[in-house]
Amino acid sequence: MIFIFFPVNCCYQTGYASMAKLFLGLDSSTQSLSAVVIDLDARTVVYDKSLNFDRALPHYKTQNGVLPNPDPLVKHSSPLMWAEALDLLFAAMKQDGVALGEILAVSGSGQQHGSVYLNERAAGVLAQLNPKKSLVQNLRGVFARKTSPIWMDSSTAEECAEIRTKLGGIAATATATGSDAFERFTGPQIRKFYKNEPVAYEDTKNIALVSSFLASLLAGQIAPIDHGDGAGMNLMDISKKVWHAGAFKATAPKLKSKLPKLTAAGAVIGPVNAYFVKKYGLNPQALATAWTGDNPASVIGLGLIKPGQVAISLGTSDTFFGSMQKCQTDANGEGHVFGSPTGGYMTLICFKNGSLAREKIREHYSIADWKRFGELLKQTTPGNNGGILLPWFEAEIVPRVNQPGIKRFDLDEKDAAANCRAIFEAQMLSMRLHSRWMKVSPEQIYATGGAANDVALLQVMADVMNCRVLRIEVSKSAALGAALQAAHGWMMEAGENPKWEKLVAGFTAPVPNSEIRPNPKTVHVYDKLVEKYAACEREALKSI
Ligand code: XUL
């Protein structure tokens, strides 16, 4: 992490005083809001900060960014909390001396699929945010629904079935919208809201995603939704990148009037909202651009520009994703195709039981820290003597599991070390199994996210995937991607057409000497074990 503090520019009335090309990227993820400022010409990250929702905003009472709910399938968060976090982060940037007056453009990314429901007052309030008040004070009374369903929610199985049937089944839904109907996707969530709260649905003038909601605050108007996050709604025609009339019809009435237009990620919306100029010293000429989802932004932040480049992100959710030239959807409906912020497409598979599942094992066996977890894992043999654990602590997305519960096969629950190996082997075997449809044999995998610092885990990844693994030390790949997206949008507006490969160069190189090669003997073990894993999964799914 590099911190270089710039004096706050007081000359914003007269434009830009310095020559440094600074861009701000924000990422509103499940658990935190992050900011990354880049100096494009110097190719450095000059500022980098995160604010954890639970710790910084305890009055919302979230746990890991999620509001408590007695129903384990319902996962909501608070749009007001995200807005309050934005105020706090801008205040921190100002206090830290970030040259906010020199930032040329702002972009961002958000946890995907989550939705915000705004009433008829919202657009007017956004255009006239009062800098003497906080965002929370300004936004009181603009929501048609107090809380926002987020990507961890799996309470819409019924609505998914209804939408899927109307669109002609799993493969047809995936061909039309890029993905089968998924519980967390925005369309099924909107349908549930429309069915259960018809009056509030009627009061909803605009539906935003987490990304477009925060972009709306920055832009002072209802912001468009980009093709990356738009594809995570089961409402966008994936091949044409326009709203899908049939999907609208299958989901809820009057959707056309409630959704904004679709646009490319990073496209300029207009100058930043005067609220941020007056309160925090952003330059009035700075541009607010369209945001995207955290995974699409990470495609840029990790430099996955060429098709076939693949990353595994070990975060709250574990994701397997990469760029894709032509739109090729998964007929079995497990994977997703989204619009890529770099133009074409990207593919993604999301496993909900990521870091929180690893943490559950660590807590269950009272393992002091991740170092010790890695040491224990190393005490066991690859393949765990055939021991398998199905890590469905939470309802799982891939494979679809709506009744959570972990299952062990030929694995002793009392053996802490074997269970440490089993959880990570399971996560990697599941990725190998469920990414087969992509028919991609990556030359290398870029590993990122918190757990990617552990060499023992990365060796398991290399061996299970039979592929060399390179670590990318971008703890905030989404926020970095968003900053680069802001730069791209700004350059496009200036009439340049920058090449993405050149734009990301220098920001996204793998950590030197971090390459981990697969061990041929171990690879062989996993070639067999993946078939056993598939059989265990089939058996477990039968009984759910
Ligand atoms: C992707 C998904 C998650 C969230 C996490 O489809 O649901 O990765 O984007 O923020």
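Each ligand, and each atom within it, is numbered from 1 in the order the structure gives. The shown structure was predicted, so the numbers you read here are calculated from the model rather than taken from an experiment. Positions are given from 1 along the sequence.
With salt bridges taken as basic N to acidic carboxylate O contacts below 4.0 Å, one links K195 and E162. Taking a cutoff of 4.0 Å between a charged side-chain nitrogen and a carboxylate oxygen, R358 and D318 qualify as a salt bridge. Using a 4.0 Å cut-off between charged side-chain N and carboxylate O, R400 and E183 make a salt bridge.
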Can you give me a line-by-line list of nitrogen or oxygen pairs between ligand 1 and the protein shorter than 3.5 Å?
residue: ligand 1; atom: 6 (O); partner: H113; partner atom: NE2; Å: 2.7
residue: ligand 1; atom: 6 (O); partner: R184; partner atom: NH2; Å: 2.8
residue: ligand 1; atom: 7 (O); partner: H113; partner atom: NE2; Å: 3.2
residue: ligand 1; atom: 7 (O); partner: R184; partner atom: NE; Å: 2.8
residue: ligand 1; atom: 8 (O); partner: N295; partner atom: ND2; Å: 3.0
residue: ligand 1; atom: 8 (O); partner: S317; partner atom: OG; Å: 3.1
residue: ligand 1; atom: 9 (O); partner: Q112; partner atom: N; Å: 3.1
residue: ligand 1; atom: 9 (O); partner: D294; partner atom: OD1; Å: 2.8
residue: ligand 1; atom: 9 (O); partner: D294; partner atom: OD2; Å: 3.4
residue: ligand 1; atom: 9 (O); partner: N295; partner atom: ND2; Å: 3.3
residue: ligand 1; atom: 10 (O); partner: D294; partner atom: OD2; Å: 2.4

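Contacts of K166 classified as side-chain contact (heavy atoms from CB on, under 4.5 Å), with partners at least two apart in sequence or in another chain: R191, A250.
No close placement of the H434 and F320 rings is indicated, their centers lying 6.0 Å or farther apart.
Summarising the local packing, OH of Y201 is surrounded by more than 12 heavy atoms from other residues, nucleotides or ligands at distances under 6.0 Å.
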